[in-house]
Every structure is written in structure tokens, then in C-alpha cells.
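In what follows, a single structure is set out as C-alpha cells and then discussed.
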Protein chains: 2
Amino acid sequence: MPTKPWSRGPWTVGASRTTELYRERGFDQTTTAEIAARAGVNERTFFRHFPDKREVLFDGQAAVRAALVEAVAESPDGLRPFEILLCAFRKAGRILEENRPFSEPRLEVIAVTPALRERELAKAASLTEALTQALRQRDVDDRLAGLAAQTGWAVFHQAVQAWIDDPSHSLDAHLSRTFEDLRTLSAAVPSTKACPGS
Amino acid sequence: MPTKPWSRGPWTVGASRTTELYRERGFDQTTTAEIAARAGVNERTFFRHFPDKREVLFDGQAAVRAALVEAVAESPDGLRPFEILLCAFRKAGRILEENRPFSEPRLEVIAVTPALRERELAKAASLTEALTQALRQRDVDDRLAGLAAQTGWAVFHQAVQAWIDDPSHSLDAHLSRTFEDLRTLSAAVPSTKACPGS
DNA sequence: GTCTATACACTGATAGAC
DNA sequence: GTCTATCAGTGTATAGAC
């Protein structure tokens, strides 16, 4: 519980109050003046802590990112790329589960606001790049690292969605099943012969 | 060659002139006043045709999107998800190859401009959603459709990157190899046992 | 399609409080 | 030296009347 409302970190007073505002009036209808007013600081001060209106909601992502990269870096030797990633995703999933009460309203606002969805996608892209680098340092082949990070992230994303829709199973269970789905999909290497008009 | 400089479409005069501007001064340093001036229209007129500065560069995407969705819709019965997608990607790839001289400067600006990369990611996300729907209508299982679209898109993206870096092989060849890579990656379903600290 | 406002996100400079 | 407030400004995007 930080004393200064805008000190950085996942769940600061300022950040959660801003989330409230976005949910009340909608992101587009919320002015930076209102944000600053509700947090009790000057408008200019707001921009000293965040580069723009959107970034407030993504402050907490740093923890997830750090957990993922660290997990990859510390994974045991000899594991295959998807095995490394599964461990990392399970670790990150634990953070999500612990902070569900805070995460849910946040995800709700993002889901209905195009500008925030754009930012979320950008964060994800940056994260998969970091994962790619981390995998390379675990001696994963250069060419495979990027593909593994991107498709692995797609699996994670899909699993989280499924977990939100159906919390009766654990996130871990959803993760395992989604990886299994991917194996099924790619088991049959697509043949090019049947394409029409080629 | 449209008569009206701002009529919509992939490679209009206005759009390519705007691309020039972004490359000369950089996206952030280019004002909407300059864009309008170079195209010989009023600033207000610019915003009548495009919702914002970024959208100019993504006007041509509609063609690729349409080609992809159409290819999925018209794919022969009995194909598996990744087979359907490979055919669609090959078709879309042909558009890329044909318009390479126009596409390259465009991709260059996007690559170095965070704001434009965000928009590109948003477009991609919308496209994979469309692919998901199209796959569902080809009787692909609901759960698998989203995963196939997202991971398939990752393969496509990866293959296009490889093709830009190494044009000595065809895009089709890169596509096949990348799908093969994915099969290798997911052949070993990740086991959870070896994760440290769980 | 144009012109004239206008709201609001965001920036730079400067100076004061702790 | 670090954090903050105030002021004045730029540029994107929108709305209304023509």
C-alpha cells in the first residue's frame, strides 16, 4: 500500500481509481483532467508517471512479464521449447489467479475498448519477443524460438479465455488441454496438393 | 488510377503520397495539415476519408482479408483446419508477392513506428477473428477454430518474415517449412512433471 | 467538398516543496 | 535531488454551417 497515489506498481490507488473511472464513464469519455482530479494530483503530474491514458491499465503487466522470462531462464536443461513454456505459463497463471478480483474489471474495460485492446496486443507482442530471446538463451534453435514463443502464447491466451469462461477447471488443466489440441491440429502436416486453383 | 485523390482502395494516389511523407519526416513528425496539403485537399477532408492518421496505411489490407476469408469459405470439404489455412495463406501470399514494390516501403514505416505497429497488430487480431468464424462455418470444432486461426496466423507471419529476409526461396516454401517446424514443436506434448517449484 | 470553431491528449519550461 | 504545480502551447480529431 504505497503512500503516494501514483507510485508505480501493479495495484496502486491511482491505478485502481482510474479503472473505476473507465468503467463508469467509458474510456473515451474519461478526460485526463478527471483522472488527475480523482487521484488528487495535477493533470501534468499524471503524465509524468504514465506516457498516456492507456498505460495506466498495463502497469501491473511488468510482474507477469518478469515471471515468464525468469521462469524460462531458470528452466531445467534438456527440456523442449513447449515444455519450457508450459512451466512458465503455469507460473504466470498463478499470478493471474491470485489477483483475479483486480484483474477482472481491468480485463472487462479492455475488452470493450478498442484503443485499450490495441495496447494490450502491443504488450503481448513485446512479451513474445522477450520470450523468444529467453528461449534462444536456453539454446533453442533461432528459427524455432520465435515460432514457439508466438504459437505458445496463442495457446496461453486461448487457455486463459477458456478458464475465464469455465472456471470449474483449473487454468493448468485448460493449458494442458490446449497444448494437446495444438498437437492434434499440427499432427497432420498440411499438404498443398488439394488447394483449389493452384 | 482513381480520379479523386482520396477515393478508397489499396494503392490510391493519396495513400502512397502519405506513405512518402511518413518515410521522409517520420510518422510522428508528420502533421495532418501536411498530409492534406500534399494531397491537395483540406485537412477536414482527410478525416472524412480516414478515421485517423494511421488508417491510411491499412487501406489495402481489405483485399488480403477478403482473399483469406474467401479462400477458407471455398475450400474443399474434408480438409483439416491447417490444410484449409495453408491454401488460404498461399492465396494471400500471391497478393503480397504481386504488390511487393508497394508493400515494402509500407512495411518499413510500420516497422519503425510503434503507433503503426499497434494498429497492425489490431488488424491482425481482427483478421484472425474473421478466420475463426470462417473455419467454424467449415465445420471446424468451435474450440479448435480459434486456436487454429491464431497459431496458423503465427505461422503465416513467421513465414512472411523469413521470406523477406531470404527471398531466394518462395513464400510457399517458407510456409511449408514453418508448418513443419510447428509439427516438430508440438509433437512432444509438454509434460508438467519437470517444472521447478510446483 | 470547404471553413470556422472547439475539445482534449499530450509536451516543454520553469519554479516551488520536501 | 526528487517530486510536484502552473502556464502556455502543439497537434489530432470532431462538429456545425455553408
Side-chain angles (χ1 to χ4, degrees), chain A residues 1-10 12-15 17-59 109-110 112-123, chain B residues 1-9 12-15 17-59 109-110 112-120 122-123:
Chain A
M1 200 74 87
T3 53
K4 296 177 191 169
W6 287 110
S7 51
R8 297 211 124 208
T12 57
V13 179
R17 291 207 141 171
T18 308
T19 309
E20 280 173 25
L21 262 176
Y22 289 167
R23 280 164 54 86
E24 287 171 21
R25 311 189 204 255
F27 174 82
D28 293 324
Q29 280 66 47
T30 305
T31 69
T32 52
E34 286 174 315
I35 299 173
R38 169 139 346 177
V41 297
N42 187 274
E43 191 177 351
R44 189 71 184 82
T45 304
F46 169 76
F47 284 107
R48 208 170 272 103
H49 288 279
F50 300 97
D52 59 62
K53 253 175 99 178
R54 309 176 185 181
E55 204 65 17
V56 192
L57 291 191
F58 298 93
D59 220 27
V109 190
I110 294 175
V112 300
T113 312
L116 293 174
R117 293 205 35 165
E118 280 198 13
R119 178 57 53 86
E120 186 185 34
L121 291 165
K123 292 284 178 187
Chain B
M1 200 75 86
T3 53
K4 296 176 191 170
W6 287 110
S7 52
R8 296 212 122 206
T12 57
V13 180
R17 291 208 142 170
T18 308
T19 309
E20 281 173 24
L21 263 176
Y22 288 168
R23 279 164 55 84
E24 287 171 21
R25 309 188 208 257
F27 174 83
D28 293 325
Q29 280 66 48
T30 305
T31 69
T32 52
E34 286 173 316
I35 300 173
R38 171 143 341 179
V41 299
N42 188 276
E43 192 177 350
R44 187 71 184 83
T45 305
F46 169 75
F47 284 108
R48 274 173 53 85
H49 289 278
F50 300 98
D52 59 62
K53 256 174 92 179
R54 308 178 186 179
E55 203 65 19
V56 191
L57 290 191
F58 297 94
D59 219 28
V109 191
I110 294 174
V112 299
T113 312
L116 292 174
R117 293 205 37 168
E118 279 199 14
R119 178 57 53 86
E120 186 185 34
K123 292 284 179 187

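Throughout, protein chains are lettered first and strands after them, A, B, ... in sequence-line order, and every chain is numbered starting at 1.
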Step-by-step salt bridge (Lys or Arg N to Asp or Glu O under 4.0 Å) determination, R54(A) to E120(A): CA-CA 9 Å; R54(A) 309 176 185 181; E120(A) 186 185 34; over 6 Å; no
ring-ring contact (aromatic ring centres under 6.0 Å, His included) partners of F58(B), counting only residues at least two apart: none
Please list, pair by pair, any protein nitrogen or oxygen found under 3.5 Å from a nitrogen or oxygen in nucleotides 15-18 of chain C.
none

Atom pair CZ (R23(B)) and OG1 (T113(B)), whose distance is rounded to the nearest 0.5 Å: 11.0 Å
Side-chain ion pair, R17(B) and E34(B), N-O less than 4.0 Å: no
Sub-4.5 Å side-chain heavy-atom contact between V41(B) and H49(B): no
Short side-chain N/O contact from H49(B) to OP1 or OP2 of dG1(C), under 4.0 Å: yes
Note, Y22(B) side chain near I35(B) side chain (heavy atom, < 4.5 Å): yes
Contact state string [nucleotides 6-14 of chain D, B base, S sugar-phosphate only, - no protein heavy atom under 4.0 Å]: B-----SBB
Any side-chain heavy-atom pair of T18(B) and L57(B) under 4.5 Å: no
Stepwise side chain to side chain contact (heavy atoms under 4.5 Å, CB included) check, D59(B) with E55(B): CA-CA 7 Å; D59(B) 219 28; E55(B) 203 65 19; 5.7 Å; no
Integer-rounded Å distance: dC10(C) P and E55(A) CD: 11 Å
